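Scroll down for the structure; my scribbles are underneath it.
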Amino acid sequence: MTTSSQKFAASHETAPVLRLPGTAALAAAVAGGVLAAASAAMSWTWTDQFPGDLTYYGSPAGLQWPALVGGLLTVLLALAAHGLKGLRWLSPSGSHNGVLFAALGTLAVCWYSVIAITVQLDGLVNLDPGGWVAAVGSLLAVVGALGLPLDRRRTVKQTPVAPWWYLVAGVAVVLRVGFGQGWALNAVPPGIRPLFTENLWFFVAVPVVILGFRLWQLLDAWLRIGRIERPLPAARALPSWAEILVITAVFALGLGVVEFGISTEYGELFIGFLLLAVFATAALLAGGTVARLSELTTRHRAVTTGAAFAAAGAFPFTQSSETYVLIGANILIFATVALGLNVVVGLAGLLDLGYVAFLGVGAYAAALVSGSPYSVFRGLHLPFPLAVLIGALAALVFGVVIGAPTLRLRGDYLAIVTLGFGEIFRIAMNNLDGRSGPSLTNGPNGVAAIPDVNLFGFDFGQPHDFGFVQLGKFGNYLLLMLVVTAIVVVVFGRVANSRIGRAWVAIREDETAAEAMGINGFRVKLIAFALGATLAGLAGAVQAHVAGAVSPDQYQFAGPVPPNSAFLLAAVILGGMGTISGPLVGAALLFLIPAKLQFLQSYQLLAFGVALILLMRFRPEGLIANRRRKLEFHEAELPAQGGPTDDALSKAGA
């Protein structure tokens, strides 16, 4: 055993949190999961006033579906980790941590539902037997999971909470009471009093965050949950057709999960879905299921890519409302733009705070030549492929023009300059109205009434019948965006693994050392800037046709509605820099969550900030990251690997 492995083994152990007999703990976890799942077939409340109508027996509805799935997942993972024949594939690592995460997800969904029913309907008296069974069963499952042997850290390092934190929390509570009752407003100038009275939530959020952080520290010190990287046992050999069938089934299941999340009709159900999705993902990661699937997808990359795009293409055919299809189309647009930004930020390490301007350049260029009656080139109506090409080329030119004088800067200076470029673009589009400047963009009114795309006689603005399913306008555009996304994914994948891609990574890691090895830093960074701008322009041209109009207020550094530079940068960092799937997942989450939770739209930047703080604390490499990024941040937490494996990883990540 190497020194690194010895240190890792000395810092971790496998032991239960609660001293329970092993059989009793397993029985409690299974029984709790069964009760939580069974509660979905019972009435949770007697009145249909709560969203989802949870008054029926034998028919799950609303929040009962996440409880049902969470309970079943807890049972299956508990039996799989125990070694039950036929289920070992679900927990190949044999870790019981997956059972705990699944039980916690079930607890979160059930107790959130019970609390929401109690608060909205004014009292526990509104709970029917199903609600009580869900609460008790999910709690029993967690108790049982804590009695199983878990992977834990021997010691926990924590930042001490300074006493003044508690003072701040106390002052916030006093101010909340004072502003609510009015007596504290006497010390506030009349002109700014609405600033305090309309944002009383802030004085509640401060103590909640501080006390919540302290509670988390106490819970973390008690649980000491960690992760031990175990080599997975050799998988049973399957014929290629069977492995392909498994991959297809996984993506079909993923399509069902995404369809359920996007189609949620009210915020309570979406929150329950999110809670279960987070904990279920952690459970499958801890159990080794995701690692096992990664082995399959690595062996069948072409099939995996095809299955992913097929699942995305099938999404509009599962929807009865164009509203959710439009959300899917917008997710693809912004995910594609985030992937383009990933070239600049993730691969080359250049902090670009004005990237949304390139999206706007492509959108405006395509809008002006697409036959809009509000365009200064009214008589010019180019075919869609030419309009897209012009948008991409215009963004490329702007990328080179802006990058050539600015890319000799580094770090914060480059970020400030690119931020300035983004604001200059927005202000220039506002002023090119024929009064403040030349007549080109109609100023704040923008370019409206952009005609729908028409390719080979197929009008994307009209509904079309595909067998027994009718696809509307946004469904057509979603399929079009899939083609654009596929192009961007191919370009990113090819470039990232090329010589220039390795040069970008070298520049990102240490520009001085890379230049000392013969890499022309300025030229390499300019290529990254130009390619990122081109991909943004390509997506912008399609976005202009989907939205039907472009205006300057769409392209800001930060705002309540995406796209904006802050949104795109947060998507790249949240998803995982330097990867393909990371920005796609990050953009999907950041767009979908405010779209489904209306109260977050006004506090989008606050939500982004909180999410990034939590991410930097618990997973700085992003939600999806390759092993190289994990080693950069968690080298002390991962066991040493064999020499050949390390060599292969180094070459792949170089």
Side-chain angles (χ1 to χ4, degrees), residues 14-45 54 57-58 60 62-84 87 90-91 94-118 124-152 215-216 218-220 222-225 271-273 275-284 286-287:
T14 300
V17 176
L18 300 177
R19 299 297 178 181
L20 299 176
T23 305
L26 178 64
V30 172
V34 170
L35 286 175
S39 70
M42 304 171 67
S43 172
W44 283 15
T45 179
L54 310 180
Y57 281 88
L63 284 165
Q64 292 173 335
W65 282 110
L68 173 63
V69 174
L72 292 177
L73 183 62
T74 303
V75 172
L76 293 175
L77 285 175
L79 297 176
H82 187 63
L84 183 65
L87 288 177
L90 192 57
S91 183
S95 172
H96 290 92
N97 287 33
V99 184
L100 176 61
F101 289 134
L104 287 173
T106 308
L107 179 76
V109 170
C110 292
W111 281 73
Y112 166 73
S113 304
V114 168
I115 293 173
I117 291 172
T118 303
L124 289 170
V125 70
N126 295 287
L127 283 179
D128 268 4
W132 292 104
V133 171
V136 174
S138 59
L139 183 60
L140 179 62
V142 172
V143 172
L146 292 174
L148 297 172
L150 303 171
D151 297 339
R152 306 173 66 194
L215 180 62
W216 163 256
L218 296 174
L219 188 63
D220 187 37
W222 178 53
L223 296 177
R224 296 187 282 113
I225 297 299
I271 291 176
F273 166 77
L275 290 172
L276 180 62
V278 170
F279 282 102
T281 302
L284 296 177

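These numbers were taken from a predicted model, which means no experiment stands behind them. For reference, positions follow the sequence shown, starting with 1.
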Checklist outcome for this item: Those residues at least two apart in sequence (or on a different chain) that pass side chain to side chain contact (heavy atoms under 4.5 Å, CB included) with Ala80 are Leu87, Leu90, Ser91

Next on the checklist: Taking Asn126's backbone N and O only, do any of them form a donor-acceptor pair with Thr45's side chain (distance below 3.5 Å, no angle check)?
Outcome noted: yes

Checklist entry - Looking only at heavy atoms, what is the nearest atom pair of Ala103 and Val142, with distance? => result O-CG2, 3.5 Å

Checklist entry - Quick one: side-chain hydrogen bond (donor to acceptor under 3.5 Å, both in side chains) pairs with a partner in residues 26-36, sequence neighbours left out? => result none

Next on the checklist: I'd like to check the salt bridge (Lys or Arg N to Asp or Glu O under 4.0 Å) partners of Arg224; sequence neighbours left out, ordered by chain and number.
Outcome noted: Glu13

Next on the checklist: Test: salt bridge (charged side-chain N to carboxylate O under 4.0 Å, His left out). Region: residues 141-151. Which pairs qualify, not counting sequence neighbours?
Outcome noted: Asp151-Arg230

Item to check | Pair Leu77-Leu73, side-chain contact (heavy atoms from CB on, under 4.5 Å): steps then yes or no | outcome: CA-CA 6 Å; Leu77 285 175; Leu73 183 62; 3.9 Å; yes

Next on the checklist: According to side-chain hydrogen bond (donor to acceptor under 3.5 Å, both in side chains), who are the partners of Ser138, at least two apart in sequence or on a separate chain?
Outcome noted: Trp111

Checklist entry - How about Ile115 and Tyr112: do any of their side-chain heavy atoms sit closer than 4.5 Å? => result no

Checklist entry - For Asp128, which residues count as a salt bridge (Lys or Arg N to Asp or Glu O under 4.0 Å) partner, sequence neighbours excluded? => result none

Checklist entry - Which heavy-atom pair separates Gly272 from Val109 by the least distance, and what is that distance? => result O-CG2, 3.5 Å

Please list every donor-acceptor pair under 3.5 Å in which a side-chain atom of residues 129-136 meets a protein atom from a residue at least two apart or in another chain.
none

Checklist entry - What's the shortest heavy-atom distance between Ser95 and Ala81, and which atoms? => result O-CB, 3.9 Å

Checklist outcome for this item: Between Ser43 and Tyr57, the two heavy atoms sitting closest are CB-CE1, 3.4 Å

Checklist entry - Leu146 and side-chain contact (heavy atoms from CB on, under 4.5 Å): which partner among Val17, Leu20, Leu104? => result Val17

Next on the checklist: With side-chain hydrogen bond (donor to acceptor under 3.5 Å, both in side chains) as the rule and sequence neighbours excluded, what pairs involving residues 72-84 come up?
Outcome noted: Thr74-Thr106

Checklist entry - From Asn97 CG over to Leu150 CG, what is the distance, rounded to the nearest 0.5 angstrom? => result 5.0 Å

Next on the checklist: Can you give me the closest heavy-atom contact between Cys110 and Ala67, atom names plus distance?
Outcome noted: SG-CB, 3.9 Å

Next on the checklist: Leu148: which residues meet the side chain to side chain contact (heavy atoms under 4.5 Å, CB included) condition with it, sequence neighbours left out?
Outcome noted: Ala25, Leu26, His96, Val99

Checklist entry - Does Leu68 have any side chain to side chain contact (heavy atoms under 4.5 Å, CB included) partners at least two apart in sequence or in another chain, and if so, which? => result Ala37, Ala40, Pro60, Trp65, Leu72

Item to check | CG-CG distance between Leu18 and Leu223, expressed to the nearest 0.5 angstrom | outcome: 9.0 Å

Checklist entry - Taking only residues two or more places apart in sequence or in another chain, which ones pass side chain to side chain contact (heavy atoms under 4.5 Å, CB included) with Val34? => result Val30, Val75

Checklist entry - Which heavy-atom pair separates Ala282 from Phe101 by the least distance, and what is that distance? => result O-CD1, 3.7 Å

